[in-house]
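Below is one structure; the comments refer to it alone.
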Amino acid sequence: MLYLAKTIEEYKDIKSQIVHKSVGLIPTMGNLHKGHISLLKESLKENELSVVTIFVNPTQFGKGEDFDKYPRTLEQDLQHIEKVATSPVIVFAPNDEKEIYPNGFSGKVSAGKLGRILEGEIRPGHFDGVVTVVKRLFDIFKPDNAYFGKKDYQQFVLIESMTKEQKLKTKVRGLPTIREASGLALSSRNNYLKESERQKGLKLKQTLEKVKSILKEKKELKPALILIEKEMKTDSSFNYIAIKDAKTLEDPKEVKSSIVILGNYQVNNVRLLDNLEVEF
Ligand code: AMP
């Protein structure tokens, strides 16, 4: 039960013919893998209608980033979705950017201070683009539930807080990171990597694991911060490794309740992202 809509008009038409109580939204940029599909499967369980959007959002890419070469694989994406679509799924994949950003679009949203740390420091303006497109998608589809991967942890927290600030009714759900057997977090950008580079990328998760064990063992921040400093000094491929409060992304004063360790590791020109949550 798969439907394809290229315009909002087409979407409305299809939707009007599907009996449903709730709508689940899965925003993506396409080139779907098991991570994306895990979000869809959760939506299929919880909603009678699921909407997967496939839109490579220009406003979240900076100058010189990979907007032009980002993989666009709609046919293959539809096949992946069809295999799991046990209830109706509408794929919204606009050809024309104006469906999302009509002329005179005035719905820009700021991600605020938290949008300028970690990924936001490396990619200025990135999160403003992310929250803007998500707000627009929420306005178009008015989902009851929306599904995001915690693989992009900072993005998930920012979307949650935007939804609260804007007093939107959508329930924002964060789901676990899906990984390759090697431990590497799945990402569409992994396709840019050669096998040897993928191997090198494993260092990110391994290092986050080391920081996690020290936190668990010592229950103190200092030894973990010393380890982070050492790892970053000895391997310049780390753009950052940071320990943050899992809810607010602020610097924790001590090791208690929930903490997240986030990292960005550069292999060739590809910035790999990963994180581990730690509960105390
Ligand atoms: P993207 O197409 O990269 O914008 O991702 C669309 C959604 O899929 C976002 O909510 C991502 O966080 C999520 N996602 C991407 N990779 C993974 C993964 N390995 N595991 C779980 N969710 C993921």
Side-chain angles (χ1 to χ4, degrees), residues 24-44 50-62 65-67 69-74 76-78 80-81 84 89 91-94 100 111 115 118-120 123 126-138 141 143 145-163 170-193 198 201-202 204-205 208 246 249 260 262-265 270-277:
L25 179 72
I26 304 99
T28 82
M29 299 205 298
N31 194 236
L32 304 185
H33 51 62
K34 286 183 184 145
H36 300 110
I37 297 298
S38 73
L39 308 182
L40 172 58
K41 283 185 172 163
E42 194 65 17
S43 173
L44 291 168
S50 296
V51 179
V52 177
T53 62
I54 297 183
F55 177 61
V56 185
N57 173 35
T59 66
Q60 70 188 69
F61 286 78
E65 289 190 352
D66 57 344
F67 175 73
K69 75 165 188 173
Y70 198 87
R72 288 156 171 91
T73 53
L74 183 59
Q76 181 191 308
D77 293 346
L78 294 173
H80 285 318
I81 294 173
V84 297
V89 179
V91 174
F92 178 73
I100 304 286
L118 305 171
E119 282 307 291
R123 305 181 70 187
H126 167 68
F127 286 119
D128 297 330
V130 168
V131 291
T132 296
V133 78
V134 171
K135 165 74 168 52
R136 172 78 179 127
L137 295 173
F138 283 10
F141 298 104
N145 300 295
Y147 300 84
F148 298 90
K150 284 193 181 174
K151 140 114 184 348
D152 301 287
Y153 197 90
Q154 187 177 5
Q155 166 173 289
F156 162 66
V157 172
L158 286 169
I159 290 168
E160 256 196 333
S161 82
M162 178 278 287
T163 307
T170 302
K171 201 167 146 204
V172 173
R173 302 279 313 282
L175 298 180
T177 302
I178 305 296
R179 300 172 181 283
E180 289 180 357
S182 65
L184 188 69
L186 292 183
S187 160
S188 303
R189 289 190 171 99
N190 291 354
N191 291 333
Y192 298 148
L193 299 176
R198 283 169 115 95
L202 296 179
L204 174 56
K205 165 127 186 303
L208 297 179
L249 289 186
V260 60
L262 307 107
N264 178 311
Y265 189 73
V270 182
R271 288 186 298 251
L272 300 174
L273 273 191
D274 206 342
N275 67 84
L276 292 177
E277 287 174 82

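Just follow the structure's listing: the first ligand is 1, and inside any ligand the first atom is 1.
- Scanning Arg173, Lys34, His33 for the heavy atom closest to atom 15 (C) of ligand 1 points to His33.
- Here the side chains of Thr170 and Leu25 are not in contact, with every heavy-atom distance at 4.5 Å or above.
- Taking distance alone, with nitrogen or oxygen atoms compared against 3.5 Å, Met29 approaches ligand 1 more closely than that limit.
- Near Leu186, meaning under 4.0 Å from one of its heavy atoms, ligand 1 places the atoms 16 (N), 17 (C), 18 (C), 19 (N).
- Arg179 has its side chain within reach of Lys205: a pair of non-hydrogen atoms, C-beta onward, lies under 4.5 Å apart.
- Note that the NZ atom of Lys151 and the CG atom of Leu39 stand 11.0 Å from one another [nearest 0.5 Å].
- When atom types are taken as modelled, the side chain of His36 and the backbone of His33 share a donor-acceptor pair closer than 3.5 angstrom.
- The side chain of Leu39, and not its backbone, has at least one atom closer than 4.0 Å to an atom of ligand 1 (non-hydrogen atoms only; side chain from C-beta on).
- In Ser188, neither the side chain nor the backbone holds a heavy atom less than 4.0 Å from any atom of ligand 1.
- A heavy-atom distance below 4.5 Å is not found between the side chains of Asn57 and Ile100.
- Checked options Asn275, Ile159, Val130, Leu249; the residue passing with Gln154 is Leu249 (criterion: side-chain contact (heavy atoms from CB on, under 4.5 Å)).
- By the 3.5 Å distance cut-off applied to N or O atoms, His36 is counted among the residues near ligand 1.
- Every N/O-N/O distance between Leu175 and ligand 1 stays at or above 3.5 Å.
- Geometrically, ligand 1 and Ile178 share a nitrogen or oxygen pair separated by less than 3.5 Å.
- Under a 4.0 Å criterion applied to the non-hydrogen atoms of Pro176, ligand 1 contributes the atoms 20 (N), 21 (C).
- Nearest to atom 10 (O) of ligand 1 among the protein's heavy atoms is Gly149 N, 2.9 Å.
- Ligand 1 has no N or O atom lying under 3.5 Å from any N or O atom of Lys151, backbone or side chain.
- Listed by first then second residue, pairs satisfying salt bridge (Lys or Arg N to Asp or Glu O under 4.0 Å) with a partner in residues 25-37 number zero, not counting sequence neighbours.
- For atom 11 (C) of ligand 1, the nearest non-hydrogen atom of the protein is Asp152 OD2, 3.1 Å.
- Residue Phe148 approaches ligand 1 through these ligand atoms, each under 4.0 Å from one of its heavy atoms: 10 (O).
- Every atom of ligand 1 is numbered from 1 in the order shown, and the set under 4.0 Å from a heavy atom of Pro27 is 6 (C), 7 (C).
- Considering only heavy atoms from C-beta on, Asn264 stays 4.5 Å or farther from Leu118 through its side chain.
- The ring-ring contact (aromatic ring centres under 6.0 Å, His included) check on Tyr153 picks up nothing, with sequence neighbours excluded.
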